[in-house]
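In what follows, a single structure is set out as structure tokens and then discussed.
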Amino acid sequence: MHFPSVSEQMDAICQGALEIVPEEALVRKLERSALTGQPLVVKQGFDPTRADLHIGHAVSIRKLRAFQEMGHDVVFVVGDYTALIGDPTGRSELRPRLTEEEVAENARTYQEQAFRILDPARTRVEHNSTWLRPLQLADILKLTAQYTVARMLERDDFARRYQDGRPISVVEFLYPLMQAYDSVVLKADVELGGSDQKFNLLVARDIQERYGQEPQVCLLMPLLRGTDGAHKMSKSYDNYVGLADAPDQQYGKTMSIPDALLEEWLTLASGLGGAELAAAVEGARTEPYRAKRDLAARVVDTYHGAGAGAAASEAFDRLFKRREIPADVPTVQVSAQDPALAPADGTVSLARLLARTGLASSNGDAARQLDQGAVSVDGERAGGRDARLAATGEAVLQKGKRHFVRVRFDG
RNA sequence: GGUGGGGUACCAGAGCGGUCAAAUGGAGCAGACUGUAAAUCUGCCGGCUUAUGCCUACGAAGGUUCGAAUCCUUCCCCCACCA
């Protein structure tokens with residue numbers, strides 16, 4: 001195995017990284033691997049607590065990719081067992097426990113999503129249930145004996161919760177230990193994670209030593225803030241751009257970030273580096289709108305291939321600038337005679353139709369939306385809650401700016 | 001084990017016998033505006049074939065009362081301090 005020089009590797013690794021703990025150890029490991037031809041084992045875990053990976057995860061997945069390109073072994077750990085506990089990081093309360101079925105369902109697509117960035121041929125995908133599930137109580141006793149409650153409480157999520165009198169379940173103490181055990185099993189040389197993972201990654205260093213291994217190097221990446229501009233990007237805040245989101249979704253969500261976030265996103269999510277990045281950041285200061293549209297297109301290109309960004313940009317203009325009906329409107333077939341639509345004289349209740357087609361969550365919601373002038377039929381704004389619609393042929397219903405359904409009547 | 005404090009809508013959190021489908025903030029949806037699904041302002045924000053009506057909802061089940069989120073009983077759950 002031939003690796004780039006140690007200093008080249010260090011440059012690539014450091015680019016965008018927030019912290020490397022400890023940096024000298026990484027240099028030593030790289031030197032040794034260059035000498036022996038033995039690639040480093042670089043791991044990162046992802047808990048399938050939700051169905052999607054998002055561009056916040058991509059920040060470190062890209063870094064995994066960089067390791068891979070330099071010839072190291074990347075292990076993508078699907079935390080299907082740790083997900084059953086839920087990472088307490090940043091949590092002010094116990095996570096709802098997921099069932100094994102829910103986790104398995106989420107895990108199914110993780111690998112596929114990660115491969116939008118990683119090279120499938122050079123990635124080892126491991127599920128941590130493989131080694132965590134078979135553990136016996138004796139094994140767990142050994143593991144838990146390696147760490148103290150006082151050290152656990154150093155962690156500020158726990159410290160704060162304890163101080164505020166909010167519950168901390170004992171299983172939550174197990175989480176960092178299980179993650180650490182992953183590192184032991186994999187004999188990890190390097191573990192990647194977001195900066196909020198620092199505690200967990202550091203615990204692994206201690207635990208590896210207790211199990212007679214050389215401790216891993218922790219490589220912490222900055223956290224990307226979500227589209228709300230306030231919280232870190234997270235599935236639970238619903239402020240994320242999913243790797244598997246449709247192009248128009250990715251584009252629109254990116255457009256919705258506050259201007260103040262542009263520099264952060266350009267740095268962490270655009271895939272740009274060096275001079276290009278500097279130029280883009282400068283552009284964001286002078287022409288934020290332009291810069292945001294470029295960023296959005298770039299994000300879409302990254303996950304849907306070159307050209308997809310331009311198409312999404314065009315669709316965005318059509319929808320929001322020109323207020324036209326988008327190309328791909330889902331069609332719903334309804335019967336003009338359906339009693340749920342209150343048919344009379346060849347017409348149906350528009351409110352009921354909205355509820356029926358899913359544009360409104362209930363008849364009451366539909367009535368309110370109609371009263372507020374939120375609804376258009378074939379581009380014409382519809383009146384109040386009593387509006388009716390001729391039940392023939394087709395009509396395009398629109399609620400708000402971006403919810404469309406084409407209705408086709410039969411019978 | 002003891003003592004004290006709690007459990008309210010998607011979240012946080014007020015209410016403590018009627019005027020409570022429940023203040024307020026956040027989230028969400030919509031309208032206006034615009035450079036955007038930004039910001040700002042405004043409205044809405046349980047359901048029901050639309051009704052000064054009914055149903056569901058203030059941890060659960062019973063009870064008191066003309067009337068209960070509010071009072072009582074039992075149960076379940078959470079927190080703090082002490083042990």
*To the side chain of R368(A), which of rU49(B), rG35(B), rG47(B) is closest?*
rG47(B)

*Which nucleotide, rA37(B), rU36(B), rG47(B), lies nearest any side-chain atom of D259(A)?*
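My answer, after comparing the listed nucleotides, is rU36(B).
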
Residues which pass side chain to side chain donor-acceptor pair (under 3.5 Å) with [X], listed by chain and number, not counting sequence neighbours:
X	answer
R65(A)	E69(A)
E276(A)	none
E105(A)	R108(A)
R356(A)	D338(A)

In whole Å, I'd like the distance from the [atom1] atom of [X] to the [atom2] atom of [N].
X	N	atom1	atom2	answer
N239(A)	rC11(B)	CG	P	18 Å
L261(A)	rA39(B)	CG	C1'	14 Å
L262(A)	rA38(B)	CG	C1'	10 Å
R290(A)	rA38(B)	CZ	P	18 Å
D228(A)	rA37(B)	CG	C1'	13 Å
Y289(A)	rA39(B)	OH	P	15 Å
D245(A)	rA37(B)	CG	C1'	13 Å
K292(A)	rG35(B)	NZ	C1'	9 Å

*With rounding to whole Å, what would you report as the distance between rU74(B) and rA23(B) at their P atoms?*
32 Å

_Work out how far the C1' atom of rC44(B) is from that of rU3(B), and round it to whole angstrom._
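So the two C1' atoms sit 47 Å from each other.
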
*Under the ring pair (Phe, Tyr, Trp, His ring centres under 6.0 Å) test, residues paired with F320(A) that sit two or more places apart*: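 For F320(A), the residues satisfying ring pair (Phe, Tyr, Trp, His ring centres under 6.0 Å) (neighbours in sequence not counted) are F316(A).
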
*Excluding sequence neighbours, so at least two apart, what forms ring pair (Phe, Tyr, Trp, His ring centres under 6.0 Å) with Y240(A)?*
H54(A)

_Upstream residue (5' side of RNA chain B) when P339(A) and I257(A) are each assigned their closest nucleotide_ = I257(A)

*Given that A342(A) and P258(A) both sit by RNA chain B, which one's nearest nucleotide is further toward the 5' end?*
P258(A)

*For D248(A), answer base if it contacts any base atom (sugar-phosphate contacts may also be present), sugar-phosphate if it contacts only those atoms, and nothing otherwise; contact means non-hydrogen atoms under 4.0 Å.*
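Answer is base: heavy atoms of D248(A) come under 4.0 Å of a base.
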
*How is Q249(A) classified with respect to the nucleic acid when contacts are heavy atoms under 4.0 Å: base, sugar-phosphate, or nothing?*
base

*Mark yes when over 12 heavy atoms from residues, nucleotides or ligands other than Q136(A) sit less than 6.0 Å from its CD; otherwise mark no.*
no

Strictly under 3.5 Å: I want the nitrogen or oxygen pairs between protein and nucleotides 50-53 of chain B, one per line.
from, atom 1, to, atom 2, distance (Å)
rU50(B), N3, R385(A), NH1, 3.4

_Smallest separation among heavy atoms of V59(A) and L268(A), with atom names_ = CG2-O, 3.5 Å

*How does protein reach along nucleotides 20-32 of chain B, written 5' to 3' as B (base within reach of a heavy atom under 4.0 Å), S (only sugar-phosphate), or - (no contact)?*
---------SSSS

*Counting only side-chain N and O atoms of S362(A), is one of them less than 4.0 Å from OP1 or OP2 of rC48(B)?*
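Answer yes for this pair, as a side-chain N or O of S362(A) is under 4.0 Å from OP1 or OP2.
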
_R293(A) vs rG35(B): side-chain N/O to OP1/OP2 distance below 4.0 Å_ =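 It does not, given that no N or O in the side chain of R293(A) lies less than 4.0 Å from OP1 or OP2 of rG35(B).
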
*Just grab all the salt bridge (charged side-chain N to carboxylate O under 4.0 Å, His left out) pairs involving residues 297-311 of chain A, residues at least two apart or on different chains.*
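Output for this query is empty, none listed.
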
*Under 6.0 Å between ring centres, would you say that holds for H127(A) and Y81(A)?*
no

*Using distance alone, with no hydrogens and no angle criterion, decide if R155(A) and N200(A) have a side-chain donor and acceptor under 3.5 Å apart.*
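N200(A) and R155(A) do have a side-chain donor-acceptor pair below 3.5 Å.
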
_Members of residues 294-321 of chain A that approach RNA chain B, where some heavy atom sits under 4.0 Å away_ = F316(A), F320(A), K321(A)

*Taking only residues two or more places apart in sequence, or in another chain, which ones meet D189(A) in a salt bridge (charged side-chain N to carboxylate O under 4.0 Å, His left out)?*
K29(A)

*asked:* Tell me every residue that passes salt bridge (charged side-chain N to carboxylate O under 4.0 Å, His left out) with E8(A), counting only those two or more places apart in sequence or in another chain.
replied: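 In terms of salt bridge (charged side-chain N to carboxylate O under 4.0 Å, His left out), with neighbours along the sequence ignored, E8(A) is linked to no residue.
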
_Partner nucleotide of rG46(B) by Watson-Crick or wobble geometry (both distances under 3.5 Å)_ =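 Its partner is rC55(B) (Watson-Crick or G-U wobble, both distances under 3.5 Å).
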
